[in-house]
Amino acid sequence: MKYDFTAIEKKWQERWEREKCYAAVNGSEKPKYYALVEFPYPSGDGLHVGHPRPYTALDIVARKRRMQGYNVLFPMGFDAFGLPTENYAIKNHMHLHDVTKKNIARFTSQLKMLGYSFDWDRVVDTTDPDYYKWTQWIFLQLFKNGLAYKTSMPVNWCTSCKCVLANEEVVNGVCERCGSEVIRREKSQWMLAITKYAQRLIDDLDGVDFIERVKIQQKNWIGRSTGAEVDFDTTAGDKMRIFTTRPDTLFGATYMVMSPEHALLKKWAPLLKNIDEVEAYAAAAAKKSDFERTELAKEKTGVCLDGVRAVNPVTGGEIPIFISDYVLATYGTGCIMAVPGHDDRDWDFAKVFGLPIIEVVKGGNVEEAAFTDCETGIMVNSGFLNGLSVEDAKVKIIQWLKDKGIGEPKVNFKLRDWVFSRQRYWGEPIPLVWCDKCGWVPVDESELPLRLPDVESYETTDDGESPLSAMTEWVNTICPHCGGPARRETDTMPQWAGSSWYFLRYMDPHNHDALASPEALKYWGQVDWYNGGMEHTTLHLLYSRFWHKFLYDIGVVPYSEPYAKRTSHGMILGMNPHNFDNLPEEERNALVAQYGSEKAARKYLVEKYGEMANQQIVKMSKSLGNVVNPTDVVDTYGADTLRLYIMFIGDFEKAAPWSDTAVKGCKRFLDKVWNLCEAPKPGDRPAHEASLHRTVKKVGDDIEEMKFNTAIAAMMTLVNELGEGGANRAEVNVLLRLLSPFAPHICEELWEMNGFEGLCSMQPWPEYDESKMVESEKQIAVQVGGKLKTTVVVPTDATDEQMVAAALADEKIKHIGEGMELVRSIVVKNKLVNLIFKPKA
RNA sequence: GCCGGCGUGGUGGAACUGGCAGACACCCGGGACUUAAAAUCCCGUAUCCGCAAGGAUGUACGGGUUCGACCCCCGUCGCCGGCACCA
């Protein structure tokens, strides 16, 4: 019989669905295991070939755990709010609910086509009012606990679309949609005080099993720095408070810099002789876009205040105060002490303005560059700090500042509060009401969900307000507090809201009284293994950790970290059709003929398509036409082949290029498996026992370490080996169970054909016996002076002496050793013998 | 600039904790089967020399440690990702 994957896959998918065999059971007696993948944004394009990589990986883990006897929760859902759908609906004059419904239906059928063992009864959809009721509820708790507040801040504003854009929608300073200029515009925004959790978000990383690069990236993003705050007296009488990470260099502070927005400037205006110049500089700085302020002008500019000077607290000397836009208003205290000898930026600034540079840490040459090393330097020109190391000097100066009452240790973070409102329709309405008398008042919890009203148009209004603001009937309401007239908040939440807690809803998705019952939350506990993209490390992953900690603090969830383990997959890339080496031979030849040489042809491609023409492998994109559609692959080769190939393609954590031809190798492998298992041979072949046990161990271990590619390679090796004489029923039985998590459909079919009991995917995971893995003889390497010369076969239990004797008995070694004396031999058990000879005296 | 990762055949990639580099595949070449093609099967496939036996070279580059280095150390070059005037 032929391997008819289309019929087989349909048959088993229907049966799994009918029998609900992958359903998770709340409160089961079995040990629980919660495997999670990031739920997709159901775009109109359908599934991309990048999606199956993480899904297949964790499906393999989930299926293995089930076979190991766990009660597995492996859910799927849809993060369906968001701009692309909204824009699509606007453009095509469609209703958002319809578009979303259609997209979700398409994603669902595509996912089912791939044979994932999701529990389809637990699907969540962030746009479902039964779901966003609880998103809104969490927001209200944040508000009630003082962690949500509204403040005015600059936002991205597209001058042509007349609407607010998220940072992600601004590409190189222009609007992603229309290409027009994006400017900064002051708008009132809802903020979430994630900074209050900064320290815990760093500290608690120590207790979770996240891959290292995720931890590092989160730590860098939160950006903790320790140092001190110090008060400088000024000739105006006010104190200037600064933050520094290098209080040890206080003796080297030769000037001060404050941000152009600093509040003291207003106060000092009457004292400043050059107030016009100062104000002009501040006005110019305010007008600069972020792009201009950071990307372009790295060269230092500023204005020296004429009329107020500061006093260095250790030297007592008067030093000038500058304003400059290299000092940020939003970090630290908005002003700094400048130590040009030991800070690169201060050094640049001092060179531009001809300010004195004093060396206070010995080790470099401050005339040529700032010396910023904290490890090796010794304090000089620093009074009572002289001779100390940087580390000791920090301790001593902080104590001194404390004693004098002019400074104290301080920790600062780069992390900013989370801008939480969008002037858009397709998001969760913010359940707050503005009352002129009572201020912001929360909607009563019994009124949740606060539903999105139907609107005529989804477009943002001309003045940049959410389309909801035009719904007067919806907007005008009654204050829940005083009963007077009030207006609803018309901003909606960002896409990150619904995804910040969705993993909790999976535990109890149909609960009407709580986001999930306390029993369900306790039973399922932390997500045991969460895999997702690196691009979410400082967004979704950080946001959801923040929300979870908050929910823990108010007693909703019983543990403070949501995910026990976090891993991340690499992207699937495509061929660049504009790269010379990727062109069909005829086109290459034509180009070479046209431009005279290969070099010229390449140059032409770069001129035509830009620098990216040099890249052979690039991100898949519609405009390049290199997108691979997973359903096409399923049609041609079957879901099992796609699953296998996407796991075999390379290191799971690294980016890998899709190859249409390489897929065939996996199809061939499944054909071999089919032929091997279709009609097992009778009898025993003990020769295969060791490799069977070794493969069972290898595949099991590799799955745990995300080395899916080598797990598959090991099974290929086994099948090649078994294929030589044919496999018997016992071998087929083990092989099918081993392969089942990777290629579940074909294994179910062959399992049934062989008359084995039940579903293959519900069988116990195969076990191995370490003692049966060793062969009686082993081939070992024989080196002479560290160079491989030959191999010999020795019994596995051979002693070191026996191994050396066997090596010396080899003809080739005998030949080499003629006239030589063996001076040393190194033996690695069951691996090699290394012989060191020297000429006989 | 800072932080992180990486550099292995024609290609994707293997190699445990320092122990036979190139597993497993793709491509390619040769052969079998076929009227033919596809599919399938068998053989070969790091490079160089050699008919062969065999020998030499080889994990970006230059050094070092070691009986032994893709792996550890020092330096250089290149690529990818993130952050970017955060004091």
Side-chain angles (χ1 to χ4, degrees), chain A residues 212-217 219-221 223-225 227 242-247 249 253 257 259 293-295 297-300 324-328 330-339 342-346 348-349 372 412-416 534-535 537-538 570-571 581 614-617 644-645 648-651 653-666 668-669 671-672 675 698 701 705 707 709-720 723 779-791 812 823-837:
Chain A
E212 207 50 35
R213 56 195 172 122
V214 168
K215 286 190 184 185
I216 289 167
Q217 217 166 294
K219 278 182 192 164
N220 288 347
W221 181 262
R224 181 190 144 99
S225 15
I242 61 101
F243 171 71
T244 178
T245 55
R246 296 292 304 274
T249 61
V257 189
S259 73
R293 211 161 150 162
T294 58
E295 299 288 324
K298 293 261 181 177
E299 66 274 20
K300 300 289 180 280
S324 173
D325 61 5
Y326 86 89
V327 172
L328 306 174
T330 48
Y331 185 77
T333 61
C335 45
I336 61 158
M337 67 173 194
V339 184
H342 306 283
D343 180 281
D344 291 325
R345 295 148 305 180
D346 297 346
D348 290 344
F349 190 89
T372 55
N412 262 321
F413 298 94
K414 281 196 229 178
L415 186 69
R416 290 292 118 85
M534 280 309 285
E535 71 274 19
T537 301
T538 53
M571 230 186 315
D581 298 301
N614 287 326
Q615 312 245 321
Q616 243 180 303
I617 293 156
L644 217 48
Y645 176 62
F648 185 62
I649 196 164
D651 185 333
E653 298 202 61
K654 286 191 203 139
W658 177 269
S659 159
D660 282 324
T661 55
V663 192
K664 279 190 254 174
C666 290
R668 279 180 202 147
F669 168 65
D671 284 332
K672 280 189 208 172
N675 294 332
K698 171 93 180 139
D701 290 352
E705 291 169 47
K707 288 156 77 176
N709 53 339
T710 50
I712 293 166
M715 288 188 281
M716 286 174 166
T717 309
L718 179 69
V719 167
N720 288 343
Q779 189 183 52
I780 61 160
V782 180
Q783 297 181 338
V784 174
K787 288 207 166 200
L788 179 73
K789 291 298 171 191
T790 188
T791 60
K812 204 167 166 185
V823 291
R824 192 179 164 189
S825 59
I826 294 110
V827 178
V828 180
K829 195 90 184 135
N830 285 332
K831 281 259 162 78
L832 65 69
V833 172
N834 188 9
L835 306 168
I836 316 296
F837 290 106

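Keep in mind that the numbers below use all heavy atoms, side chains included, and drop hydrogens, waters and symmetry copies. Since we're looking at a predicted model, the values are computed, not measured. So that the names make sense, note that chain A is the first sequence line, chain B the second, and so on, each numbered from 1.
Look at CZ on A:Phe669: it is 13 Å from P on B:rC41, rounded to the nearest Å. Distance A:Leu788 CG to B:rG19 P: 15 Å, rounded to the nearest Å.
Using modelled atom types, one finds a donor on one side chain and an acceptor on the other under 3.5 Å when comparing A:Asn720 with A:Lys672.
Put simply, the side chain of A:Glu212 and the base of B:rG4 share no donor and acceptor less than 3.5 Å apart. Side-chain atoms of A:Lys414 stay outside donor-acceptor range of the base of B:rC83, with no qualifying N/O pair under 3.5 Å.
Only the C1' atoms considered, B:rG18 is 12 Å distant from B:rU65, to the nearest whole Å.
Base pairing of B:rG1: its partner is B:rC83, meeting the Watson-Crick or G-U wobble criterion (both donor-acceptor distances under 3.5 Å). B:rA39: no Watson-Crick or G-U partner with both key distances under 3.5 Å is found in any strand.
Residue contacts shown for A:Ser225 are limited to sugar-phosphate atoms, with no base heavy atom under 4.0 Å away. Across all strands, A:Asp651 comes closer than 4.0 Å only to sugar-phosphate atoms, never to a base (heavy-atom distances). Counting any heavy atom pair closer than 4.0 Å across all strands shown, A:Asp344 reaches no nucleic acid atom. Residue A:Thr244 is in sugar-phosphate contact alone, with no base atom involved, counting any heavy-atom pair closer than 4.0 Å across all strands shown.
The aromatic rings of A:Tyr331 and A:Phe243 sit perpendicular to each other, their planes meeting at more than 60°, with 30° as the lower class boundary.
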